[in-house]
Amino acid sequence: QSMGMVQKVFYYHVGSAIATVLAFTTVLVCSILFLATRREKYDVAARSAAGIGVLFCTLVLTTGSIWARGSTWEQWWLWDEPRLFTSLVMWFMYLAYLILGLANVQDRSRSARFMAVYGIISYLTVPIVYFSTRTMKTIHPITVDLAGGGMRPALRLSMITFGLLYFFLFLLRLRLEMLSARADTMRQRLEDIEDARLLNEMKERAL
């Protein structure tokens, strides 16, 4: 109530954080399932969730900076603030995950296994970010007073909305990735058919 207009950023900030945790948890679960089953759909699901997670994590960092500048911190960024620094490390870890996924490798199966292991390791940053304000010296608020009228329902609504938004984007991205994989398979089959046709033509000419 006392922060004025900048307080409204809080609803986007927390909602984005919820969506980030959901996305990176999806990466963890799908990575474990892929290592256990070697089914490609889990690798595709993990990569899809990672991209959305990085998007929401970027929103967390952006809205957090806006809130910090408009609050009593009066600064866009504090490098000695544990929550900010660990969140940035988490963002870089999953950004590296996406970059590794774009690498053009011959052995797709081996790349998927490596990505799954990296996805599991990267998840260690999630609890580190969460407990950073509880185990380290920090000025980041651990709890927020939402006694003001309408603030608590608004926060709950934003958390639910961002959670549903994540699942919608995840399903949409997953469908696109599956269609892309199917198109790649069909393209490869057409190339094989074309290669076989050319080979037959060469044989006929030789005879």
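Not counting sequence neighbours, Arg189 has no partner by the side-chain hydrogen bond (donor to acceptor under 3.5 Å, both in side chains) test. Every side chain to side chain contact (heavy atoms under 4.5 Å, CB included) that Leu33 has, sequence neighbours left out, goes to Val29, Tyr42.
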* To do: Under the side-chain contact (heavy atoms from CB on, under 4.5 Å) rule, what do Phe114 and Leu100 come out as? Steps first, then yes or no, please.
  => CA-CA 9 Å; Phe114 176 79; Leu100 290 172; 3.7 Å; yes
* To do: Using the side-chain contact (heavy atoms from CB on, under 4.5 Å) rule, take Tyr94 and Leu98 through it: C-alpha gap first, then chi angles, then the decisive distance, then the call.
  => CA-CA 6 Å; Tyr94 282 95; Leu98 295 180; 5.9 Å; no
* To do: Apply the test side-chain contact (heavy atoms from CB on, under 4.5 Å) to residues Leu35 and Ile120: give CA-CA distance (whole Å), side-chain angles for both, the deciding distance (0.1 Å), then the verdict.
  => CA-CA 10 Å; Leu35 292 177; Ile120 294 172; 3.7 Å; yes
* List the steps, then state whether side-chain contact (heavy atoms from CB on, under 4.5 Å) holds for Ile52 with Phe170. => CA-CA 7 Å; Ile52 300 172; Phe170 172 67; 4.0 Å; yes
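Leu22 places none of its side-chain heavy atoms less than 4.5 Å from the side chain of Phe162. In this structure the side chain of Lys41 never reaches within 4.5 angstrom of the side chain of Phe34, judged on heavy atoms.
Pairs of residues two or more places apart, or lying in two chains, that qualify as side-chain hydrogen bond (donor to acceptor under 3.5 Å, both in side chains) and include a residue from residues 45-58 are Asp43-Arg47, Thr58-Trp91. The side-chain hydrogen bond (donor to acceptor under 3.5 Å, both in side chains) contacts involving residues 168-178 comprise Arg173-Glu177, where partners must be two or more places apart or lie in separate chains. Legend: side-chain hydrogen bond (donor to acceptor under 3.5 Å, both in side chains) pairs involving residues 115-129, not counting sequence neighbours, sorted by first then second residue: Thr25-Tyr123.
Atom OG1 of Thr63 and atom OH of Tyr11 lie 14.0 Å apart (nearest 0.5 Å). Here Leu59 contributes atom CG and Ile66 contributes atom CD1; the two are 9.5 Å apart, rounded to the nearest 0.5 Å. Remark: Arg152 CZ to Leu157 CG distance equals 14.5 Å, nearest 0.5 Å. Rounding to the nearest 0.5 Å places CE of Met115 at 4.0 Å from OH of Tyr97. Taken from CZ in Phe92 to SG in Cys57, the straight-line distance is 10.5 Å, to the nearest 0.5 Å. To the nearest 0.5 Å, atoms OG1 (Thr62) and OH (Tyr12) are separated by 14.0 Å.
In terms of modelled atom types and a separation under 3.5 Å, the side chain of Arg83 and the main chain of Val129 share a donor-acceptor contact. Judged by distance alone, the side chain of Ser180 and the main-chain N or O of Leu176 form no donor-acceptor pair under 3.5 Å.
By the criterion of side-chain heavy atoms lying less than 4.5 angstrom apart, applied directly or through intervening Ile, Leu, Val, Met, Phe, Trp or Tyr residues, Phe168 is not grouped with Leu179; the two fall into different hydrophobic clusters. Hydrophobic clustering of Ile, Leu, Val, Met, Phe, Trp and Tyr side chains at less than 4.5 Å, counting indirect connections, keeps Leu165 apart from Val60. Note: the hydrophobic cluster containing Ile99 also contains Val27 (ILVMFWY, side chain heavy atoms under 4.5 Å, direct or indirect links). Transitive grouping of hydrophobic side chains (ILVMFWY, heavy atoms separated by less than 4.5 Å) keeps Val44 and Leu55 in distinct clusters.
With a 6.0 Å radius and a threshold of 12 heavy atoms from other residues, nucleotides or ligands, Arg38 has its CZ atom above the threshold.
Tyr166 and Thr26 are linked by a side-chain donor-acceptor pair at a separation below 3.5 angstrom, with hydrogens and angles left out of the test.
Screening Thr20, Val21, Leu28 for a side chain to side chain contact (heavy atoms under 4.5 Å, CB included) with Phe24, the sole residue that qualifies is Thr20.
Nearest heavy atom pair, residue Ala116 against residue Ser31, reads O-CB, 3.4 Å.
Leu164 belongs to a hydrophobic cluster whose other members, connected by ILVMFWY side-chain contacts under 4.5 Å either directly or through intermediates, are Ile160.
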